[in-house]
Amino acid sequence: MNTKLTKSMDDITALCRRRGFIWQSSEIYGGVNGFWDYGPLGAALKKNLKDAWWTDTILCPPDGPDGKPLQMVPVDTTIIMNPKVWVASGHVGGFNDPMVDCRKTQARYRADHLKVYVPPVADKPLLVFVEGQEVGISKKLKKLGLAADQCAVRDFTELAPTDLARMIGPDADEPGSLTEPRQFNLMFTTHLGAVRDEESQAYLRPETAQGIFTQFWNVVDTSRVKTPFGIAQMGKSFRNEVTPRNFTFRSREFEQMEIEFFIPDPDVVGEEIAQTRRWYAWWRDHRYAWWRKVGLAGDNLILREHDRDELAHYAKDGAGTSDIEYRFPFTAPGFGELEGVAHRTNFDLRQHAQHCGRGDKMRYFDQEHNAHYFPHVIEPSAGADRGVLALLCEAYTPDADRPSGVYMKFSPRMAPIKAAILPLVAKDGMPEVAEKLYRDLRRRFAVQIDIKQNIGKRYARMDEAGTPYCFTIDGQTLSDQTVTVRDRDTLAQERIALDKVEAFLGEKIGG
RNA sequence: GCGGGCGUAACUCAAUGGUAGAGUGUCAGCCUUCCAAGCUGAAUGUUGAGGGUUCGAGUCCCUUCGCCCGCUCCA
């Protein structure tokens with residue numbers, strides 16, 4: 001029995017595996033770093049989280065700060081898009097530079113920033129330095145018995161990889177510590193069609209947001225929305241992370257739940273300046289409240305406003321950026337990001353308007369203010385897999401007093417199995433009553449029937465699956481048509497009428 | 001990518017260089033009127049993978065993959 005009362009990530013991972021929440025992708029082949037599969041319970045849990053997000057942000061969001069019903073519409077865009085999208089968004093240009101690492105000093109340099117002093121004789125080392133930072137170079141050369149005017153200065157990128165063994169890195173003392181230049185782009189590439197050349201190269205999206213931005217104009221033209229309104233999308237994204245770590249927290253394939261909420265440009269519509277801050281704060285606070293509502297209600301969830309200097313380039317001039325963060329066992333006492341809420345200004349829409357060549361013609365027309373502008377955007381961007389991981393960590397509750405040693409305290413709305421139907425013993429007509437109840441309930445709820453083994457083992461199984469309620473058919477059921485309800489968290493039992501079970505679940509689950 | 005640690009059944013762990021095992025779980029049967037109880041039986045392993053040393057490798061060596069920790073990275 002596990003008597004540990006603190007939550008350990010190893011124990012949580014073991015339970016996820018044992019009970020079928022999360023497995024390593026392609027495990028029988030040794031797995032693949034940064035990719036994870038959801039088993040039956042995990043897939044159900046994730047769907048519950050995504051359904052809650054869809055319902056609570058698209059179908060029935062809370063009223064906005066203006067007291068009016070929020071306008072929200074969904075889209076579902078492709079993972080592979082025209083590569084120009086990623087040029088416009090800045091994902092291709094900014095991060096495509098080959099980098100060189102120094103094994104000795106752990107330093108990392110851009111290859112195109114490096115210059116090399118090449119001595120006239122082959123048995124002397126080559127001295128590498130960062131362009132513009134040549135302080136102390138002549139001293140270093142002197143030590144090697146060289147003078148600067150004897151050496152040719154070449155670009156690092158012109159030299160052959162075979163020269164690496166003779167090179168002394170900018171911060172190193174001995175040759176041979178530099179690696180070959182490597183591409184450091186976090187986007188996965190692929191090729192469209194049969195020919196694998198530069199022309200056919202495409203990318204797997206690193207964020208779903210750009211699908212929303214590129215279809216912004218079609219949404220406006222077809223769905224009768226006007227600012228302020230939001231477009232929401234959930235879907236897979238891909239980042240070729242250098243170091244996938246911490247279970248599913250940093251995966252290379254992951255699912256996002258993103259909203260782009262479009263509001264008037266405060267510079268154009270003067271009286272709306274305060275609105276930008278108001279909308280930003282409203283989304284920030286409501287997204288935080290939503291995570292608490294789905295089960296992260298304890299001290300482990302925090303809302304953290306970013307400092308000015310950690311803002312992304314597109315958000316520098318904005319109303320702010322904040323993270324909703326969860327204290328995972330592997331980040332404690334620190335926190336890990338679940339969702340970021342950012343005022344992205346109108347950077348993305350302007351970029352796309354410019355790159356597609358139509359420029360200001362693509363400005364949105366605001367009839368109410370009689371003004372053309374590119375709307376600003378508040379972006380609440382959440383990680384579905386990180387949300388699931390947080391739900392798992394939060395639910396994991398060691399309890400030395402119960403036979404399983406642990407139970408999963410999911411909120412009823414998130415629980416993969418809402419209820420179990422258990423005949424106390426497999427005779428005297430109890431299985432038949434249980435089966436009828438099971439057939440009735442499964443039409444509306446995710447329920448399971450379990451007849452095998454003794455009742456204690458079945459309760460224990462349900463504790464590890466996080467099933468909030470167990471209905472048990474016993475001898476008394478046969479005479480008075482009542483069953484017991486066992487509450488997962490309190491272990492308390494009460495009797496309710498067999499024909500009230502469905503209403504009971506409906507009330508507790510909200511289904 | 002760098003440095004360190006670790007890979008044996010679904011899980012937790014044994015096995016001096018000499019026949020791969022136990023407990024738990026799972027499954028089947030019996031029993032059982034409320035919390036992994038009891039009895040009987042069954043299935044599950046190319047010891048992460050691939051090489052090498054050896055008469056013989058889970059054990060020693062090399063490579064590789066994966067996991068954990070620390071750096072690095074995270075628009």
Side-chain angles (χ1 to χ4, degrees), chain A residues 1-2 8-11 13-20 23-36 39 86 89-97 99-108 177-187 206-207 209-210 239-247 249-250 252 310-315 330 336-337 340 342 344 347-348 399 401-407 420 422-428 430 451-464 470-478 483-488 491-493 495:
Chain A
M1 188 185 291
N2 177 12
S8 108
M9 205 56 215
D10 285 346
D11 292 343
T13 309
L15 182 137
C16 283
R17 177 173 170 65
R18 185 170 72 243
R19 285 296 159 188
W23 299 310
Q24 201 171 15
S25 167
S26 40
E27 187 187 276
I28 60 170
Y29 289 101
V32 51
N33 200 0
F35 296 86
W36 301 90
W86 306 111
S89 70
H91 288 83
V92 171
F95 247 74
N96 216 0
D97 308 304
M99 305 293 280
V100 174
D101 285 333
C102 180
R103 294 191 193 92
K104 269 269 161 54
T105 65
Q106 315 276 356
R108 175 168 289 168
S177 65
L178 293 182
T179 63
E180 283 191 46
R182 284 176 297 231
Q183 290 285 334
F184 257 81
N185 194 306
L186 291 184
M187 279 196 293
E207 62 176 26
Q210 298 305 326
R239 291 182 197 179
N240 201 357
E241 298 288 355
V242 178
T243 315
R245 275 290 161 83
N246 292 330
F247 204 21
F249 184 78
R250 185 175 295 165
R252 289 180 165 144
E310 57 179 319
L311 294 182
H313 60 95
Y314 50 73
F330 50 80
E337 182 183 349
R344 284 178 79 135
F347 174 82
D348 299 275
D399 180 356
D401 291 336
R402 64 176 78 198
S404 56
V406 63
Y407 64 109
L422 313 172
L424 188 57
V425 292
K427 61 179 187 186
D428 299 342
M430 294 180 203
I451 300 179
K452 297 290 177 185
Q453 299 174 316
N454 67 63
I455 192 74
K457 288 188 178 186
R458 287 177 276 162
Y459 283 148
R461 268 201 289 271
M462 287 303 149
D463 277 347
E464 282 202 340
C470 291
F471 300 110
T472 302
I473 286 85
D474 59 11
Q476 193 178 331
T477 307
L478 306 170
V483 297
T484 64
V485 186
R486 170 195 186 260
D487 183 280
R488 176 197 62 201
L491 302 180
Q493 295 191 9
R495 291 201 82 88

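Residue numbering restarts at 1 for every chain, and letters A, B, ... go by the order of the sequence lines.
The same atom, C1', is picked in rA9(B) and in rU46(B); the two are 14 Å apart, to the nearest Å.
The distance from atom CG of Leu422(A) to atom P of rU33(B) is 16 Å, rounded to the nearest whole Å. In this structure, CH2 of Trp23(A) is placed 15 Å from C1' of rC11(B), rounded to the nearest angstrom.
Comparing Lys427(A) and Pro206(A) by the nucleotide of RNA chain B whose heavy atom lies nearest to each, the residue mapping closer to the 5' end is Lys427(A). Nearest-nucleotide positions on RNA chain B for Gly456(A) and Phe247(A) put Gly456(A) closer to the 5' end.
The pair Lys457(A)-Glu464(A) does not meet the salt-bridge criterion, since no charged nitrogen lies less than 4.0 angstrom from a carboxylate oxygen.
In this structure, Glu337(A) reaches neither bases nor backbone, as no heavy-atom distance under 4.0 Å exists between it and the strands shown. Residue contacts shown for Leu491(A) include a base, since a base heavy atom lies under 4.0 Å away.
Listed nucleotides rU32(B), rC74(B), rC67(B) differ in distance to Val425(A); the shortest reach to its side chain belongs to rU32(B). Closest to the side chain of Thr484(A), from the set rA36(B), rC34(B), rU33(B), is rC34(B).
Relative to the six-membered ring of Tyr407(A), Arg488(A) misses at least one condition, a distance below 6.0 Å or an angle of at most 45° to the axis. Relative to the six-membered ring of Phe35(A), Arg252(A) misses at least one condition, a distance below 6.0 Å or an angle of at most 45° to the axis.
Judged by distance alone, with hydrogens and angles left aside, Arg245(A) brings no side-chain donor or acceptor close enough to the base of rC68(B) to form a pair under 3.5 Å. In terms of polar N and O atoms assigned as donor or acceptor, the side chain of Arg486(A) comes within less than 3.5 Å of the base of rC35(B) in a complementary pairing.
Scanning RNA chain B for stems, defined as runs of 3 or more consecutive Watson-Crick or G-U wobble pairs whose donor-acceptor distances all fall under 3.5 Å, gives the following ranges: B:1-7 with B:65-71, B:10-13 with B:21-24, B:26-30 with B:38-42, B:48-52 with B:60-64.
Looking at residues two or more places apart in sequence or on another chain, you find no side chain to side chain donor-acceptor pair (under 3.5 Å) involving Thr484(A).
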Polar atom pairs (N or O), protein with nucleotides 24-28 of chain B, under 3.5 Å:
from	atom 1	to	atom 2	distance (Å)
rU26(B)	OP1	Arg461(A)	NH1	2.5
rU26(B)	OP2	Gln453(A)	NE2	3.3

Quiz item: Arg17(A) and Gln24(A): side chain to side chain donor-acceptor pair (under 3.5 Å), yes or no, with the steps?
Solution: CA-CA 9 Å; Arg17(A) 177 173 170 65; Gln24(A) 201 171 15; over 6 Å; no
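When all heavy atoms of Arg402(A) and Leu491(A) are compared, the closest pair comes out as NH1-CD2, 3.4 Å.
At rA37(B), one or more side-chain N or O atoms of Asn454(A) fall inside 4.0 Å of OP1 or OP2 (strictly under the cut-off).
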